[in-house]
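The figures that follow rest on heavy atoms only: side chains count, while hydrogens, waters and symmetry mates do not. Just so we're on the same page: letters track the sequence lines, and every chain starts at 1.
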There are 2 protein chains.
Amino acid sequence: MSTRGRGLHGHVLDTLGPAITAGEYPPGSVLRTDELAQHFEVSRSVMREAVRVLESMHLVESRRRVGVTVRPKAEWNVYDPQVIRWRLAGADRPHQLRSLTVLRSAIEPVAAGLAAQHATAEQCAELTECALGMVANSRGHRLGEYLVHDVAFHRVVLGASGNEMFARLGDVVAEVLTGRTQHEVMFEDPDPAAVTLHVQVAEAVRARDAVRAEELTRRITMGALEELDILAP
Amino acid sequence: MSTRGRGLHGHVLDTLGPAITAGEYPPGSVLRTDELAQHFEVSRSVMREAVRVLESMHLVESRRRVGVTVRPKAEWNVYDPQVIRWRLAGADRPHQLRSLTVLRSAIEPVAAGLAAQHATAEQCAELTECALGMVANSRGHRLGEYLVHDVAFHRVVLGASGNEMFARLGDVVAEVLTGRTQHEVMFEDPDPAAVTLHVQVAEAVRARDAVRAEELTRRITMGALEELDILAP
DNA sequence: GTGACATATAAGTCTGACTTTTTAGGGCTG
DNA sequence: CAGCCCTAAAAAGTCAGACTTATATGTCAC
């Protein structure tokens with residue numbers, strides 16, 4: 001999934017990207033295209049394409065007579081899904097997870113409010129279906145199935161908001177939720193209160209109750225934040 | 001500013017990027033690298049680098065024996081600052097402006113609340129300075145100077161939130177605010193109520209009153225939304 | 001110390017030849 | 001006619017080498 005066989009330059013990126021985002025090359029470090037090409041055993045053309053991509057992510061800057069310098073973290077395109085994935089796979093994963101969860105807590109309630117106003121009948125049905133799927137898998141250590149419906153639920157809400165900026169955060173939320181289940185301690189069944197809240201959000205959206213949908217979703221994201229505080233205080 | 005002389009491939013991007021985001025090549029359109037290279041009068045290497053960048057933005061997909069196909073709008077990396085700039089410069093500028101303003105209305109209040117908790121003394125001072133600058137230039141058609149302080153104000157708030165995802169939206173907010181002043185009808189002096197709200201936010205942050213800072217900022221962004229509704233209902 | 005100038009360096013560009021993957025179509029067989 | 005395989009073509013992908021350009025830095029004269 002992460003490594004789509006998109007050629008040699010993709011392979012180079014899969015190694016260089018994580019290395020840079022992990023801080024292996026501190027900001028200001030200077031790399032040389034030729035050396036990198038040799039190290040990865042690819043031609044300069046391929047290496048240049050990889051550098052161009054890193055440059056478009058604002059991870060590095062390429063200047064004549066100097067080389068490829070690593071930019072400070074504050075300038076990175078941290079919304080690039082690829083960058084998010086690299087960072088979530090790296091050392092500052094906890095920090096990144098917190099940033100993204102705070103982002104969720106700002107976005108999702110507003111998105112749910114908008115969804116209550118703009119969701120189509122089909123989207124309402126999908127939402128209910130997802131919520132029911134969560135209920136059905138909330139007991140008996142069926143975490144995998146539960147996760148699928150949880151991710152789908154939030155994706156539908158973000159999509160139904162009618163705002164493309166919100167909709168594009170579906171992947172980010174998916175990464176966060178998946179990460180929580182796979183990497184963090186998640187032995188027990190999900191919090192029953194959270195499951196109930198999802199069902200109620202689905203109801204509120206169907207009932208066109210924007211205020212209620214927003215408030216309920218706020219409780220969901222607040223819960224996610226508290227969960228983080230417990231795991232990594 | 002937009003055209004940083006970053007070589008030939010940059011020039012190609014400055015033409016091709018806006019063309020694609022403007023929908024000039026509808027989703028599914030197939031381009032051929034060689035033809036593009038001829039058209040832009042650059043070598044294939046340069047053209048390939050440009051295509052790689054567009055690919056990393058999820059604007060296009062390159063496949064063997066097929067060509068470079070334009071991806072559907074829903075898959076674009078709409079948070080990429082470059083993509084945002086291209087779209088703001090294009091035909092669906094109003095739609096884009098609305099999406100971003102809704103995004104602001106979700107993010108900035110939360111960011112202001114966090115800023116009240118985490119802002120350093122220096123950031124509090126900057127905030128006050130910006131607010132005063134806005135007051136000083138709120139009358140007498142000094143829109144340019146007003147804008148500078150307005151942009152700086154929101155940038156400081158987002159930065160002081162301590163959340164890197166929020167902080168990186170500073171550029172986006174700057175684009176929106178700048179665009180509002182430069183392109184939309186903005187003959188009159190800014191709304192005095194808005195100016196007052198900014199001053200009060202600065203006070204609330206300095207007083208560590210998170211709830212108040214959030215509520216006041218919510219009013220600011222609500223005002224921005226209403227302003228949009230008036231201009232483009 | 002300051003300025004102009006020369007030099008070395010690394011990115012940038014171009015070209016042509018070659019490889020690999022994948023689609024489309026033709027021809028074979030049932 | 002349907003189905004299948006197999007060939008051939010098309011376009012991206014890769015590589016190597018030569019050349020250009022910008023620029024940081026050191027040198028020298030003043």
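- The separation between A:Arg63 atom CZ and D:dT21 atom C1' is 15 Å, rounded to whole Å.
- What separates CD of A:Glu55 from C1' of C:dA10 is a distance of 14 Å, to the nearest Å.
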Protein proximity profile, nucleotides 13-18 of chain C - base contact B, sugar-phosphate-only contact S, no contact -, cut-off 4.0 Å on heavy atoms
BBBBB-
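- Listed in residue order, the members of residues 29-39 of chain B having a heavy atom less than 4.0 Å from DNA chain C come to none.
- Side-chain atoms of A:Tyr79 come within 3.5 Å of backbone N or O of B:Met165 as a donor-acceptor pair.
- Atom CD of B:Glu61 is separated from atom P of C:dT22 by 12 Å (rounded to the nearest Å).
- Residues A:His198 and A:His154 place their aromatic rings such that the two centres sit under 6.0 Å apart.
- Checked by atom type, the side-chain pair A:Ser45/B:Ser45 shows no donor-acceptor distance below 3.5 Å.
- For D:dA24, the base has a donor-acceptor partner in the side chain of A:Arg65 [N/O atoms by modelled type, under 3.5 angstrom].
- No side-chain donor from either of B:Asn163 and A:Arg98 sits under 3.5 Å from a side-chain acceptor of the other.
- Counting only distance, with no hydrogens or angles, the side chain of B:Gln123 and the backbone of B:Thr120 share a donor-acceptor pair below 3.5 Å.
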Does A:His11 form a side chain to side chain contact (heavy atoms under 4.5 Å, CB included) with A:Val42? I'd like the steps, not just the answer.
CA-CA 10 Å; A:His11 177 252; A:Val42 295; over 6 Å; no
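- Residue B:Gln38 qualifies as open at atom CD: its count of foreign heavy atoms under 6.0 Å is 12 or below.
- If you check every strand for non-hydrogen atoms under 4.0 Å, A:Val66 touches sugar and phosphate atoms only.
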Would A:Val78 and A:Arg87 count as a side chain to side chain contact (heavy atoms under 4.5 Å, CB included) if you check the C-alpha gap in whole Å, the side-chain angles of each, and the deciding distance to 0.1 Å?
CA-CA 9 Å; A:Val78 288; A:Arg87 296 185 67 192; 3.3 Å; yes
